[in-house]
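It should be emphasised that the depicted structure is a prediction, and the values quoted were computed from it without experimental measurement. Worth knowing before you read on, the calculation uses all heavy atoms, side chains too, and leaves out hydrogens, waters and symmetry mates. Throughout, protein chains are lettered first and strands after them, A, B, ... in sequence-line order, and every chain is numbered starting at 1.
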There are 2 protein chains.
Amino acid sequence: MDAVQDEAAGKRARGLDRAFEILDFLRQKRQALKPNEIAAQIGAPRSSVYELVNLLLSNGILEFTGGEGRVYLGRKLYFLGAAYENHFDFTRECEAALEQLADETRETAQFCMLDGNKYTVVRMREGARPFRISTDIGQSVPIPWTASGRLLVAHLSDQDILNFIPPQDFRLPGGEWLEPQTFLAEVRQAEREGLFTFNSIVDSFTHCFAVPVRGEEGHAAATLCLVTPRDDGIANRDRYLDCLKKAAAGLEHAPARPRRG
Amino acid sequence: MDAVQDEAAGKRARGLDRAFEILDFLRQKRQALKPNEIAAQIGAPRSSVYELVNLLLSNGILEFTGGEGRVYLGRKLYFLGAAYENHFDFTRECEAALEQLADETRETAQFCMLDGNKYTVVRMREGARPFRISTDIGQSVPIPWTASGRLLVAHLSDQDILNFIPPQDFRLPGGEWLEPQTFLAEVRQAEREGLFTFNSIVDSFTHCFAVPVRGEEGHAAATLCLVTPRDDGIANRDRYLDCLKKAAAGLEHAPARPRRG
DNA sequence: GTCATATGTACAATATATTGGACATAGATG
DNA sequence: CATCTATGTCCAATATATTGTACATATGAC
């Protein structure tokens with residue numbers, strides 16, 4: 001996805017950057033691919049990709065799986081990720097907060113963070129309705145498409161926000177153009193109020209609530225969200241926001257607080 | 001830890017390898033460190049480490065945390081690890097197996113895998129005794145020190161095993177030397193019997209039971225273990241082994257089976 | 001004050017990593 | 001049969017990444 005921002009052509013890419021581009025691509029695809037396919041789809045030289053894939057395989061960062069020479073993310077990444085999760089020990093508290101939210105509201109509750117310059121759902125608890133509303137965990141979504149996005153960039157200056165978010169991410173899935181100035185105004189509003197709610201701009205039937213979970217630097221390290229049918233969301237607005245704020249208070253500082261040391 | 005096997009001096013290290021050496025080192029230390037400290041402790045040139053750390057920071061692979069310029073594993077690694085875990089969806093089944101083992105035996109149950117050429121405890125459920133026996137999750141331990149180690153390398157030839165395990169790993173924590181031929185004989189025995197049990201060679205009061213969890217290639221992709229006081233282990237040997245085999249059967253093929261595709 | 005250690009930055013030299021392109025094979029298509 | 005695509009390997013050329021070294025600053029010892 002960073003291929004776009006390769007400086008003017010003719011430059012060589014650094015191995016490390018391409019390596020992580022490969023890893024991110026596999027994560028996004030969520031399936032094993034052949035080196036050849038990877039090269040073609042991320043627009044990298046085949047010889048480079050073969051070289052890097054072999055290096056990553058020998059390090060356990062990638063693994064053969066799915067046959068025919070296909071590779072996918074490896075066990076070593078699991079271990080490294082587990083060490084991160086263990087250090088910033090937010091998992092348990094996070095699950096508890098989502099559990100609590102789901103119990104109190106019967107709606108879909110999500111714990112969200114930034115992944116680079118995208119938004120992603122880290123953990124989710126589906127609501128208890130006959131028709132559940134849910135999203136995919138771990139998929140990268142443009143920041144402007146989400147309520148949480150307004151909160152997650154609120155610590156940046158307007159200019160930094162515009163530099164941070166890829167311009168094409170202001171194009172909504174329906175094709176409409178979200179004016180960056182409109183987005184910035186909503187960011188500032190979210191910052192002032194410490195919350196953001198709206199009828200989702202990526203579909204026609206959900207209402208989204210987001211509140212920040214502040215980390216050690218005082219800005220939103222993550223968000224807690226509820227995704228509800230529009231009617232219910234609007235009808236229960238105050239109660240839902242109370243629940244969210246309560247749950248977020250329980251998490252406060254947790255996502256960024258090392259367990260020891 | 002791979003610094004030892006740097007080919008004859010005078011060679012440059014490849015950035016990718018050093019980068020993952022840094023990541024592994026941080027995982028092992030389980031705390032944030034300054035780039036300077038990292039360089040000193042892994043024996044790498046300071047300028048290289050600074051260069052790489054900055055690259056990794058800008059990719060979200062590392063994060064500033066702990067102040068004073070200290071860095072630790074970053075959020076991106078958590079996402080990548082979560083994608084791995086999601087693909088090879090063993091977590092839920094694994095927890096269930098450990099739960100079942102803990103219920104049936106009241107002993108400490110572990111799920112273990114190889115991490116490169118070391119053994120590591122991936123998940124654990126502590127026993128229900130007044131004095132619990134437990135180990136650290138995610139720490140790298142020499143393969144010959146463990147019962148599971150006999151099973152995890154059993155698919156390799158004798159020669160491959162000796163090439164795979166660093167020679168110094170046959171030195172036990174007490175300083176005694178475990179003869180590699182003895183180890184190989186135990187590996188073959190474990191392979192034949194589909195299990196391995198012994199009075200632990202790293203302490204004087206535990207008995208260890210290990211059975212393989214076979215992956216798609218048919219060899220031990222992981223192990224399930226019980227760690228018990230010696231008396232209890234020996235007294236309940238048959239029952240404990242039955243429990244382990246039953247639990248492993250429930251996991252069979254799970255650790256390496258992609259959820260879709 | 002001097003000296004030593006810890007920490008971070010800057011830069012040039014050269015060892016080498018990245019890359020384009022040639023080559024080989026297999027399968028599909030017509 | 002010829003032709004095309006998909007896949008993987010090999011190799012030389014050169015753009016550049018790694019690294020030694022020098023430099024800058026802060027802190028503490030004495």
Under-3.5 Å N/O pairs linking protein and nucleotides 25-28 of chain D:
none

Thr120(B) side chain to Gln139(B) backbone, donor-acceptor under 3.5 Å: yes
So CD of Glu186(B) and CG of Leu178(B): to nearest 0.5 Å the spacing works out to 6.5 Å
Rounded to whole Å, CD of Glu37(A) lies from P of dT5(D) at a distance of 17 Å
note: Leu56(A), atom CG; dT18(C), atom C1'; distance rounded to Å ~ 15 Å
- Parallel, tilted or perpendicular for His155(A) and His219(A), by the 30°/60° rule? parallel
Asn36(A) CG to dG8(D) P, in whole Å, measures 6 Å
To the nearest angstrom, the CZ-P distance between Arg70(B) and dA6(C) comes to 14 Å
To the nearest angstrom, the CG-P distance between Asn54(A) and dC10(D) comes to 10 Å
note: Leu33(B), atom CG; dT7(C), atom C1'; distance rounded to Å ~ 14 Å
Decide, yes or no, whether a salt bridge links Arg92(A) with Glu95(A) under the criterion of side-chain N to carboxylate O below 4.0 Å. no
Exercise for review: Determine, stepwise, if the pair Glu51(B) / Arg14(A) fulfils salt bridge (charged side-chain N to carboxylate O under 4.0 Å, His left out).
Suggested key: CA-CA 12 Å; Glu51(B) 168 89 8; Arg14(A) 189 182 268 251; 2.6 Å; yes
Output for pair (Leu73(B) CG, Arg27(B) CZ), nearest 0.5 Å, gives 9.0 Å
field: Evaluation steps, side-chain contact (heavy atoms from CB on, under 4.5 Å), between Asn59(B) and Lys76(B)
entry: CA-CA 8 Å; Asn59(B) 275 314; Lys76(B) 178 79 83 185; 5.7 Å; no
CD (Gln28(A)) and OG (Ser140(A)) are apart, to the nearest 0.5 Å, by 7.0 Å
Show each protein N/O and nucleotides 17-24 of chain D N/O combination with a separation under 3.5 Å, one pair to a line.
residue	atom	partner	partner atom	Å
dA17(D)	N3	Arg12(B)	NH1	3.2
dT18(D)	OP1	Gly15(B)	N	3.2
dT18(D)	OP2	Arg14(A)	NH1	2.8
dT18(D)	O2	Arg12(B)	NH1	3.3
dT18(D)	O2	Arg12(B)	NH2	3.0
dT19(D)	OP1	Ala13(B)	N	2.8
dT19(D)	OP1	Arg18(B)	NH2	3.2
dT19(D)	OP2	Arg18(B)	NE	3.4
dT19(D)	OP2	Ser48(B)	OG	2.4
dT19(D)	O5'	Ser48(B)	OG	3.3
dG20(D)	N7	Ser47(B)	OG	3.2
dG20(D)	O6	Ser47(B)	OG	3.3

